[in-house]
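Residue numbers start from 1 in every chain, and the chains themselves are labelled A, B, ... in the order their sequence lines are given, proteins ahead of strands. Please read all numbers here as calculations on a predicted model, not as lab measurements.
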Amino acid sequence: MNEIFLSPYSATNTESKIYKIWEESGFFNPDICVEKGVTNESSESFTVVMPPPNANGDLHAGHSLFITLEDIMTRYKRMSGFKTLWIPGADHAGFETQVVYEKKLEKEGRSRFGMDPNDLYKEILDFTLLNKKNMESQVRSMGASCDWSREKFTLDEDVVSKTQDTFIKMFNDGMIYRGKRTINWCYKHQTSLSEVETESVEESSPFYYFKYGPFEIGTVRPETKFGDKYVVMHPNDKRYSEYKDGQKIQLEWINGPIEATIIKDEAVDMEFGTGVMTITPWHSQIDFEIAQRHNLDMEQIIDWRGKLLPIAGEFAGMNIKDARPKIVEKLKAKGLVTRVDDKYTNVVKRCYKCNTIIEPQTKDQWFVKMAPLTKMALDSVDRGEIKFIPDNYEKIFRYWMENSIDWNISRQIVWGIPIPAWFNGDKIAASKEKPEGDGWVKDIDTFDTWFSSGQWPLMVTGFPDGEDFKKFYPTQVMETGHDLIFKWVPRMVIFGLYLGGKAPFNTVYLHGLVNDAQGKKMSKSKGNVINPLTLTDKYGTDALRMALVIGNTPGTDLALREDKVKGYKNFGNKIWNITRFVLENTKDWDGKKPDNLSESSTKNISELNELVADVTKDMDNYRFYLAAEKLYHYVWHTFADKIIEESKESLKSDDTLIKTSAQYTLRYILETSLKLLHPFMPFITEEIWSHLEIENKKLLMVTQWPK
RNA sequence: GCGCGGUUAGCUCAGUUGGUAGAGCAACCCGUUUACACCGGGUAGGUCACAGGUUCGAGUCCUGUAUCGCGCACCA
């Protein structure tokens, strides 16, 4: 017996050594598996696309979880004979990374504003590439058996080029339009944001009622009211039936007398407030729509920095927060404030990164027409082409698809893929090269990062004509966090169908958040962030993987407790000592299966076979949390506690049949257990496997899954 | 406001098609007789949130209530 088993298992000494062996074997690559004869050429393929981690910082517990889950699926399928491909990637993460980098600049006393865009881009690129390397080595340390030879970065030349091709195709297909629309504007970051990049928070703010000619209007935003010259009410509102659409009235307003026009529109809620409102089309979606319907003027009141424009008269140049009380004061002095409701709560949108209040602004942007795309996606789900785990997420997915509004894909940041568009007066062109003729100006905006990430399964398989696209698209599973059910999953489905002709995956497995030991969300400000690398240093990667998977049902958040990880480290050592016992007691075994097995051996093996069938079923149904727990239980409380304990008698027996039968059974159960545990605890199982004497032995990672 | 999920042992959570409640950690007692003290043996601990219903039988299915969490939301 190898002396290594005389001292406890050391993860630190084992893991990097084992990973190196795996990586050098080439078996992470399905083509090499076929070439070297561990997988049949004719086998079905099994493909998982890794959600590319953002290359802007360290791996966090959430990454560890998804790497673990995807690695379990991948290893299981590879051992089961599939042509198995797990494609890794790295995400430039446009806005997210730019925000990270801006914080870094801030710390250095610098600012992105005023920097040459090309210099800024280059700095962020260097920063990202450095982090990308770091991220990749951390993914390796989790044991990920992904095919690094196929790794893609979201800013690889071909990805950039193909993303731009998609834009041009969609523009030519009429799926993308440029238009003035209400957008979410973040003053701090000086960019527009999509709906998923904002957070709606309920807040209580004073609700002011003002006298507006013969009417009373209500608002939480007095600072937008300077230019309000349309007063709107519902056409069926009897209280105001004496007023006619288009009628002009004279009234006294904030900065003097104005003429206002009556508008009748059904968008007005008669039940709300007084049933009368004035509109500010430049700074409100609903007002914008009313203005469009009636062909009304619109004027910007607040500039792109959040300061009032000259239309505000004496308040020009002030920011919103300072101006609001002063404006109310002035209105009060003029006797125009009728009442104030202090208990009013409304929903305020904030930037999901800096918490700045989002200002609705009107701006020319690129929009993707969603209705035809979401219809394709819903039809695909109706046809049962996409299965969700857990299945209640199908409803959530449908809800999003049924309610999505046109998608703003323009961002005013440098860190991203340039939009291939050109302007020349009223003329617009979508092309990578400058169009013929004079006067063309390049669009300086970049794409929303989800515009390219949404095409990820296509990009990594080499759409439209790559070999992998033919062989591995559509993929089998998309495993990602449930928070991405809106951000990412729908966009991949849409692009997959629109460009690739097929849904990009047939199963969506959604894992929950990894929370702290108390079940609270981890956050830097709370200081409760658990760094997975500290845990793996202390207890080993296999232990962390077990702690992340056992008891973790899909879609449900997980509380990560250190003592749980420690428990599975002990389990690793248990397996180690089981091996020691088995090896010590089978030294004199001839390595052959006896012709007859004793009654107890037969019973033990048939129990193991039941376990194999049971666990295999769980694996096929993505119930990894159950499979892992069953294996843990079997190995510790059946194999170690019962079978090994009972074998001590048989091993001492003079009856050769009883003795060799026990020896054979111990070896058989040990080897089978290692195979079954390998997807969950790849390092220790491979290490033990390497010390066993087995005929025609291959690496455990490519050894046949037990039947 | 709409939607989704949770409520099971002190804590964190499992419980796959309905068949007399499980794990890990924590607690208590005993034990170092050579695989393992990163251990072994044992004990204690739950009217499965509440109220109805379906059923021979409900933690599991249905209805309602409470409560916590999350998501969505263009009522000025």
Determine yes or no for a side-chain-to-main-chain donor-acceptor pair under 3.5 angstrom, with A:T362 supplying the side chain and A:W282 the backbone.
-> yes
With the criterion being N/O to N/O and under 3.5 Å, what pairs connect the protein with nucleotides 2-8 of chain B, and how long is each?
| from | atom 1 | to | atom 2 | distance (Å) |
| --- | --- | --- | --- | --- |
| B:rC4 | OP1 | A:K395 | NZ | 3.4 |
| B:rC4 | O2' | A:N392 | ND2 | 3.2 |

Any side-chain donor-acceptor pair under 3.5 Å between A:D588 and A:Q663?
-> yes
Least distance between heavy atoms, A:M522 atom then A:I530 atom | SD-N, 3.3 Å
Would you indicate what A:A517 reaches in the nucleic acid, counting non-hydrogen atoms under 4.0 angstrom: base, sugar-phosphate, or nothing?
-> sugar-phosphate
Distances under 3.5 Å only, N/O to N/O: pair up the protein atoms with those of nucleotides 25-28 of chain B.
| from | atom 1 | to | atom 2 | distance (Å) |
| --- | --- | --- | --- | --- |
| B:rC25 | O2' | A:D563 | OD2 | 2.7 |

Counting only heavy atoms not in A:K630, do more than 12 fall under 6.0 Å of its NZ?
-> yes
May I have the distance from A:H691 (atom NE2) to B:rA35 (atom P), rounded to whole angstrom?
-> 21 Å
So what does the secondary structure string of RNA chain B come out as, 5' to 3', with Watson-Crick or wobble pairs under 3.5 angstrom, [ ] for crossing and | for pairs with another strand?
-> (((((((..((((.....[..)))).(((((.......))))).....(((((..]....))))))))))))....
Take atom CG of A:L558 and atom P of B:rC13, then tell me their distance rounded to the nearest Å.
-> 8 Å
Residue pair A:K349 / A:N184, side-chain donor-acceptor N/O under 3.5 Å | yes
Return yes if a side-chain donor-acceptor contact under 3.5 Å exists between A:W253 and A:D228, otherwise no.
-> no
Check: A:G519 main-chain N/O paired with A:D516 side-chain donor or acceptor under 3.5 Å = yes
Any side-chain donor paired with an acceptor under 3.5 Å for A:Y177 and A:D406?
-> yes
Contact class for A:Y568 (heavy atom, under 4.0 Å): base, sugar-phosphate, or nothing?
-> nothing
Derivation of the salt bridge (Lys or Arg N to Asp or Glu O under 4.0 Å) call for A:E693 and A:R667 | CA-CA 10 Å; A:E693 279 173 38; A:R667 286 291 293 254; over 6 Å; no
Round to a whole Å and report the spacing from NZ of A:K574 to P of B:rA35.
-> 11 Å
Within a strict 4.5 Å, meaning less than it, do heavy atoms of the A:N604 and A:K642 side chains meet?
-> no
Rounded interatomic separation in angstrom, taking NE2 from A:H637 and C1' from B:rG41 | 13 Å
Between B:rA73 (P) and A:I405 (CD1): distance, integer Å = 8 Å
Please walk me through it: do A:W185 and A:I358 pass side chain to side chain contact (heavy atoms under 4.5 Å, CB included)?
-> CA-CA 5 Å; A:W185 183 257; A:I358 293 294; 5.6 Å; no
Between A:I485 (CD1) and B:rC72 (P), how many Å, whole number?
-> 12 Å
From CG of A:D557 across to P of B:rG69 the rounded distance in Å is 13 Å
Respond yes when some side-chain nitrogen or oxygen of A:W636 is under 4.0 Å from OP1 or OP2 of B:rC39, and no when none is.
-> no
Please check if any side-chain donor atom of A:E479 sits under 3.5 Å from a side-chain acceptor atom of A:H511, or the reverse.
-> yes
Please report, rounded to the nearest Å, how far the C1' atom of B:rC74 is from the CD1 atom of A:I286.
-> 5 Å
Taking for each residue the nucleotide of RNA chain B bearing the nearest heavy atom, is the 5' side occupied by A:Q285 or by A:N552?
-> A:N552
